[in-house]
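Heavy-atom basis, side chains included; hydrogens, waters and symmetry copies ignored. These numbers were taken from a predicted model, which means no experiment stands behind them. Numbers here simply count residues along the sequence, with the first being 1.
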Amino acid sequence: MTTGRVLVADDDAAIRRSLERGLRLSGFTVLLAEDGPSALRLLGGQPPDVVVLDVSMPGLTGTEVCRALRAKGDDTPVLMLSALDEVADRVAGLQAGADDYLVKPFALEELVLRLHALLRRRTAPAAVEPAGPPPSQVLRAGPLLIDRDTRQVSLDGIELHLTRREFDLLVQFARNAGLVLTRDQLLDRVWGYDFEVRTDAVDTFISYLRRKLEEGGRARLIHTVRGVGFVLRLPPPERPTGGTAEAHSP
């Protein structure tokens, strides 16, 4: 039975052949692209269900392809492949809107598991809402205002521009303000993984989310609890200033 359509873009012909064979045997319908422009042309036709992009393709990198895809509002899951475990490459791909990454060489079984996880996350049925008025999609947590319908975020009235994963992470923290969330919990709730994966993706996204939240010298909101995970701690409410002092008789 066909699992789904996957587009594999890699400039290495041997890798393309190997992945095509392995993914077909795993039930996928496979589309192949040898470079970034070819990948974009295929994406402009009948869209695949999930995309695998090599980071370092010549001409147009996988990161640039992913960024172009997201700029069009296309939320097709993207998994990046990197030849080296370089933090800069990994972060660039994630910041461009990729959902996951794998470092070469990797086991085909792990790639298949991750693709299944991305597909499950995308096609998960929406929860049935109870009868009555619809719940508000606006989430408030201290100075944070999060609209889950429009995916807009403001902090102290200033709009923040977050990637999809950054937004999903912030929603989890805001819904659980004051509670420590482990990396495994965040992987499950944001990425949807139910198998053993590296958790440094969580650290990478939190690092960039913090940078945006703390821009301009704002106080830290997301704190690390060593050996456990992360927690959103809201600042105490500001005391009113300039109020009328209580008069006392001499």
Side-chain angles (χ1 to χ4, degrees), residues 4-20 23 28-106 110-112 114-115 117-119 121-122 151-153 159-170 190-191 197-198 200-212 215:
R5 289 165 52 88
V6 56
L7 168 62
V8 176
D10 197 300
D11 61 315
D12 189 317
I15 290 178
R16 290 199 305 274
R17 287 194 299 268
S18 176
L19 290 181
E20 180 183 25
L23 291 173
F28 288 92
T29 298
V30 183
L31 307 174
L32 296 176
E34 62 184 15
D35 54 28
S38 299
L40 284 178
R41 284 195 295 272
L42 287 171
L43 286 164
Q46 185 176 353
D49 300 303
V50 64
V51 181
V52 178
L53 298 173
D54 181 47
V55 167
S56 57
M57 291 184 292
L60 195 64
T61 68
T63 301
E64 291 168 330
V65 172
C66 184
R67 188 175 293 115
L69 193 65
R70 298 298 183 239
K72 296 188 301 181
D74 192 322
D75 65 351
T76 302
V78 173
L79 184 146
M80 307 292 293
L81 300 178
S82 175
L84 297 173
D85 192 8
E86 292 289 343
V87 172
D89 285 344
R90 196 162 67 234
V91 167
L94 296 173
Q95 283 297 105
D99 299 276
D100 197 4
Y101 64 89
L102 267 178
V103 177
K104 302 176 184 177
F106 53 84
E110 182 174 8
L111 174 61
V112 169
R114 291 187 182 226
L115 293 180
L118 291 174
L119 290 171
R121 190 71 174 180
R122 191 186 193 199
R151 299 184 74 83
Q152 291 178 305
V153 177
E159 185 175 0
L160 304 181
H161 299 284
L162 305 183
T163 66
R164 179 172 52 171
R165 290 300 186 204
E166 291 167 349
F167 180 89
D168 292 342
L169 270 174
L170 187 59
V190 176
W191 280 263
V197 295
R198 292 167 52 175
D200 53 353
V202 175
D203 296 72
T204 298
F205 273 102
I206 287 178
S207 172
Y208 274 77
L209 178 56
R210 276 175 171 162
R211 183 173 298 183
K212 292 179 181 181
E215 188 176 1

Review point. Which residues pass the side chain to side chain donor-acceptor pair (under 3.5 Å) test with R211, sequence neighbours left out?
Key: none
Review point. What distance do L209 atom CG and F167 atom CZ have between them, rounded to the nearest 0.5 Å?
Key: 11.0 Å
**Study point:** Note, L53 side chain near C66 side chain (heavy atom, < 4.5 Å)
**Key:** yes
Review point. Under 4.0 Å between a Lys/Arg side-chain N and an Asp/Glu carboxylate O for D203 and R210?
Key: no
Point to revise | Test item: L169 and I206 side chains (from C-beta on) under 4.5 Å apart, heavy atoms | key: yes
Practice item. List the steps, then state whether side-chain contact (heavy atoms from CB on, under 4.5 Å) holds for F28 with L119. Key: CA-CA 12 Å; F28 288 92; L119 290 171; 3.8 Å; yes
Check your understanding: So do the side chains of L102 and E110 get within less than 4.5 Å of each other, counting heavy atoms only?
Key -> yes
Revision key, fill the gap. In terms of heavy-atom contacts, A98 and M80 come closest through CB-CG, 3.3 Å
Check your understanding: Any side-chain heavy atom of L111 within less than 4.5 Å of one from L19?
Key -> yes
Practice item. Kindly write out the residues that satisfy side-chain contact (heavy atoms from CB on, under 4.5 Å) with Q46, not counting sequence neighbours, or none if the list is empty. Key: R5
Review point. Rounded to the nearest 0.5 Å, how far apart are CG of L170 and CZ of R151?
Key: 11.0 Å
Check your understanding: Which residues pass the side chain to side chain donor-acceptor pair (under 3.5 Å) test with D11, sequence neighbours left out?
Key -> none
Review point. Closest approach of A68 and L40, non-hydrogen atoms and distance?
Key: CB-CD2, 4.2 Å
Review point. Considering only heavy atoms from C-beta outward, does the side chain of L81 approach that of F106 to under 4.5 Å?
Key: yes
Exercise for review: Flag the pair R16 and E20 as a salt bridge only when some basic side-chain nitrogen lies within less than 4.0 angstrom of an acidic carboxylate oxygen.
Suggested key: no
Review point. Can you tell me how far CZ of F205 sits from CG of D168, rounded to the nearest 0.5 angstrom?
Key: 9.5 Å
Review point. Does R164 come within less than 4.0 Å of D99, counting only side-chain N to carboxylate O?
Key: yes
**Study point:** Pairwise distance CG(L23) to CG(L115) - rounded to 0.5 angstrom
**Key:** 6.5 Å
Check your understanding: Atom CG in L43, atom OG1 in T76: separation rounded to 0.5 Å?
Key -> 7.0 Å
Practice item. Indicate yes or no: does D10 engage K104 in a salt bridge with an N to O separation below 4.0 Å. Key: yes
**Study point:** Side-chain donor/acceptor of K212 to backbone N/O of L160, under 3.5 Å
**Key:** no
**Study point:** Any residue meeting side chain to side chain donor-acceptor pair (under 3.5 Å) with E34, in chain and number order, not counting sequence neighbours
**Key:** none
Check your understanding: Under 3.5 Å, is there a donor-acceptor pair between the side chain of R165 and the main chain of V190?
Key -> yes
Exercise for review: Would you check if V6 and L31 make a side-chain contact, meaning some heavy-atom pair closer than 4.5 Å?
Suggested key: no
**Study point:** Heavy-atom check, side chain of T61 versus side chain of V55, under 4.5 Å
**Key:** no
**Study point:** Under the side-chain contact (heavy atoms from CB on, under 4.5 Å) test, residues paired with A14 that sit two or more places apart
**Key:** D12, R17
Point to revise | All side chain to side chain donor-acceptor pair (under 3.5 Å) counterparts of E215, not counting sequence neighbours | key: none
**Study point:** Gap between atom CG of D54 and atom CG of L79 - 0.5 Å precision
**Key:** 11.0 Å
